[in-house]
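One is the number of the first residue; the rest follow in order along the sequence.
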Amino acid sequence: MFHPKTTLLSYIRLFFFSSFLLCFSAMTGVVDAKLVFRVGDDLYVSNDDGSRRRRITHNTQGVDKHPRWSPDGEKIAFTRFLDKNDMNSLQISGELFIINADGTDPQRLTHNNALDIDTAWSSDGAQIAFSSTRSGSWEVFVMELATRTIRQLTRAEEGADTAGSTAPDWSPDGRHIIFERFLRVKGGFSPKTIYIMSADGQNQRPLVPHPAPNAPLTMNSFPRWSADGKRILFYEYEWFRDGGVSKLIVKRVIGGKQEITEINDRLGNDFLIAGASWMAGDRSIVFSLKFFEKPNANYDLYRYDLQTRGLRRLTSTARDEMWPDWHEGTLSVSPHGKLTTLWGKIKQPDL
């Protein structure tokens, strides 16, 4: 016999059981987005093994590059090249943007006819350092986000042994900025090395010594500060007469440097790196790498564990996956719209 009270209790039980299932499935489906990187023309976020990827920008006209997490993991700064058909033009314009980590509310920060690239957040999230050609040469600038006021920190001086400056990164305590500096040479390509300065632009000095005059052309690129503030990660390319060698380098702020030779031992020397970042509490490094000799070669993401010396390829798709940046992060990434990925494992360390 149908009884209203029994039916009501059944509905109540069904409601609570359904709510429990919904909460459980939501909890098990949540993934912390820790990586942001470029795929093709757009930016993606993912878990730190490359899984559960989610596209956060959708370009039809432009190209997005060089993403960087904000200190709180809520926003991402990046450069947008406004016209993908004009990427090889001398008049190309790259503007700074920020976007919420879930892909909402993109905001344009700069409006000029120059290249503004290589963003780096201050530790308090109130400022962004970047490199730009707005002064006529590559230099480092800082923007106050609240007012959009911009200050120039570096200046190429006529007759000095150094030229332009690019690729800044802020120290965890907010007191210093590291950056690339081009060295002035007569004829040929200018080598690059790593410099350090106070956050106000004062006391600029080399962190990595200038190469000897007769040394191979050396390009030290994209320095990144460790979370403990004691080490600098960058990659070095030595250009020899019959080829070149790319290496990842860890340099102590006060002390010597360590070449991560295991990557070259396993992969050879026929590759180029484009972007590297600390991850997992400074215990690992994520970077993008492309082999020269492979037909239709593209950049893929790799992870190297500093403690176990394990090396893993995280991605293997037909598009370039570049410029990774890692954050501890708590962003939930929905599996909806994720890409199919072939996971290639070079070496799994013995645990």
Side-chain angles (χ1 to χ4, degrees), residues 36 38 43 62-70 76-82 87 89-98 108-123 126-145 148-157 160 162-171 174 176-184 189-208 219-225 232-237 273-277 288 322-325:
V36 61
R38 170 195 167 196
L43 303 183
V63 176
D64 293 338
K65 293 186 176 183
H66 302 182
R68 293 295 300 271
W69 289 105
S70 63
I76 293 165
F78 63 97
T79 292
R80 173 164 290 171
F81 295 89
L82 300 179
M87 292 296 289
S89 169
L90 295 177
Q91 303 300 318
I92 184 174
S93 174
E95 307 293 349
L96 302 187
F97 281 72
I98 56 174
R108 183 172 172 176
L109 301 181
T110 59
H111 299 74
N112 60 70
N113 238 357
L115 283 169
D116 296 331
I117 63 173
D118 303 331
T119 56
W121 296 80
S122 61
S123 55
Q127 303 176 80
I128 289 179
F130 63 99
S131 48
S132 176
T133 60
R134 62 180 60 211
S135 66
S137 63
W138 282 110
E139 303 295 349
V140 174
F141 296 78
V142 168
M143 174 185 286
E144 298 277 352
L145 287 176
R148 305 290 168 88
T149 302
I150 294 176
R151 294 177 289 118
Q152 184 172 345
L153 298 188
T154 64
R155 286 176 173 82
E157 297 180 8
T162 58
S165 302
T166 58
D169 194 48
W170 227 298
S171 64
H176 297 91
I177 292 173
I178 50 175
F179 59 100
E180 302 173 354
R181 173 154 280 176
F182 289 91
L183 305 179
R184 201 183 302 274
F189 292 101
S190 298
K192 286 192 299 184
T193 193
I194 308 301
Y195 266 60
I196 186 171
M197 63 182 168
S198 300
D200 60 1
Q202 300 299 308
N203 195 22
Q204 299 179 20
R205 59 203 186 275
L207 183 68
V208 176
M219 311 292 281
N220 293 319
S221 303
F222 289 93
R224 299 294 292 273
W225 223 299
I232 307 297
L233 169 70
F234 62 94
Y235 50 95
E236 176 184 276
Y237 183 72
I273 295 173
S277 173
S288 55
M322 307 170 65
W323 309 114
D325 189 44

- Query: Phe182 and Ser137: side-chain contact (heavy atoms from CB on, under 4.5 Å), yes or no, with the steps?
  - Reply: CA-CA 11 Å; Phe182 289 91; Ser137 63; over 6 Å; no
- Note on the structure: CD1 of Ile177 to OG of Ser165, rounded to nearest 0.5 Å, is 11.5 Å
- Message: When you compare the side chain of Phe130 with that of Leu96, does any pair of heavy atoms fall below 4.5 Å?
- Response: yes
- Closest non-hydrogen atom pair between Ile194 and Ser221, with its separation: CD1-N, 4.3 Å
- Message: Taking the side chain as everything from C-beta on, heavy atoms only, tell me whether Phe78 gets closer than 4.5 Å to Leu43.
- Response: yes
- Under a 4.5 Å cut-off applied to non-hydrogen side-chain atoms, are Pro67 and Trp323 in contact? yes
- Query: Within the distance-only criterion (no hydrogens, no angle test), does the side chain of Thr193 pair as donor or acceptor with the backbone N or O of Val208 below 3.5 angstrom?
  - Reply: yes
- Message: Using the rule given for side-chain contact (heavy atoms from CB on, under 4.5 Å), can you reason through Leu153 versus Val142, listing the C-alpha separation, both sets of side-chain angles and the distance that settles it, and then say yes or no?
- Response: CA-CA 7 Å; Leu153 298 188; Val142 168; 3.4 Å; yes
- Task: Give a yes or no on whether a salt bridge exists between Arg134 and Asp116, defined as a side-chain N under 4.0 angstrom from a carboxylate O.
- Result: yes
- Message: Does any part of the side chain of Trp121, heavy atoms only, come nearer than 4.5 Å to the side chain of Gln127, both counted from C-beta?
- Response: no
- Message: I'd like to check Asn220 versus Glu236 (side-chain heavy atoms, cut-off strictly below 4.5 Å). Are they in contact?
- Response: yes
- Task: For the residue pair Thr154 and Phe179, establish whether any side-chain heavy-atom pair is separated by less than 4.5 Å.
- Result: yes
- Query: Side chains of Ser93 and Asn113: is there a donor and an acceptor less than 3.5 Å apart?
  - Reply: no
- Query: For the atom pair CH2 (Trp170) and OG (Ser123), what is the distance rounded to the nearest 0.5 Å?
  - Reply: 8.0 Å
- What heavy-atom pair brings Pro168 and Asp118 nearest, and what distance separates the two atoms? CD-O, 3.6 Å
- Item | Closest approach of Pro223 to Asp169 (non-hydrogen atoms, all atoms of both residues) | O-CB, 3.5 Å
- Just by modelled atom types, is the Gly275 backbone N or O under 3.5 Å from a matching donor or acceptor in the Tyr235 side chain? yes
- Rounded to the nearest 0.5 Å, what separation is found between the CD1 atom of Ile196 and the CG atom of Leu207? 5.5 Å
- Side-chain donor-acceptor contact under 3.5 Å, Arg68 with Thr119: no
- Query: Does the distance from a Lys or Arg side-chain N to an Asp or Glu carboxylate O, for Arg80 and Glu95, drop under 4.0 Å?
  - Reply: no
- Task: Could you tell me whether a side-chain N or O of Glu144 sits under 3.5 Å from a main-chain N or O of Ile150, the two making a donor and an acceptor?
- Result: no
- Item | Whether Glu139 side chain and Ala156 backbone form a donor-acceptor pair below 3.5 Å | yes
- Item | Any donor-acceptor pair under 3.5 Å from Ser288 side chain to Met322 backbone | no
- What's the spacing between Arg148 CZ and Leu109 CG if we round to 0.5 Å? 5.0 Å
- Item | Distance (rounded to the nearest 0.5 Å) between Phe141 CZ and Ile128 CD1 | 15.0 Å
- Note on the structure: d(Arg151 CZ, Met143 CE) to nearest 0.5 Å is 11.5 Å
- Message: Set out, in order, the CA-CA distance, both residues' side-chain angles and the distance that settles side-chain contact (heavy atoms from CB on, under 4.5 Å) for Trp138 and Leu115, then state yes or no.
- Response: CA-CA 9 Å; Trp138 282 110; Leu115 283 169; 3.7 Å; yes
- How far apart are the closest heavy atoms of Ala163 and Arg181, and which atoms are they? O-NE, 4.2 Å
- Query: Going by the angle between their ring planes, with limits at 30° and 60°, are Phe222 and His66 parallel, tilted or perpendicular?
  - Reply: perpendicular
- Message: I'd like to know if the side chain of Ser131 reaches the main chain of Thr166, judged simply by a donor and an acceptor atom lying under 3.5 Å from each other, with no hydrogens or angles considered.
- Response: no
- Message: Less than 4.0 angstrom from a charged side-chain N to a carboxylate O is my criterion; do Asp325 and Arg224 meet it?
- Response: yes
- Looking at Phe81, does the NZ or CZ of Lys65 lie under 6.0 angstrom from its six-membered ring centre and within 45 degrees of the ring axis? yes
- Between Arg155 and Gln204, does any side-chain donor sit less than 3.5 Å from a side-chain acceptor? no
- Item | side-chain contact (heavy atoms from CB on, under 4.5 Å) assessment of Trp225 paired with Ile178 | CA-CA 8 Å; Trp225 223 299; Ile178 50 175; 3.2 Å; yes
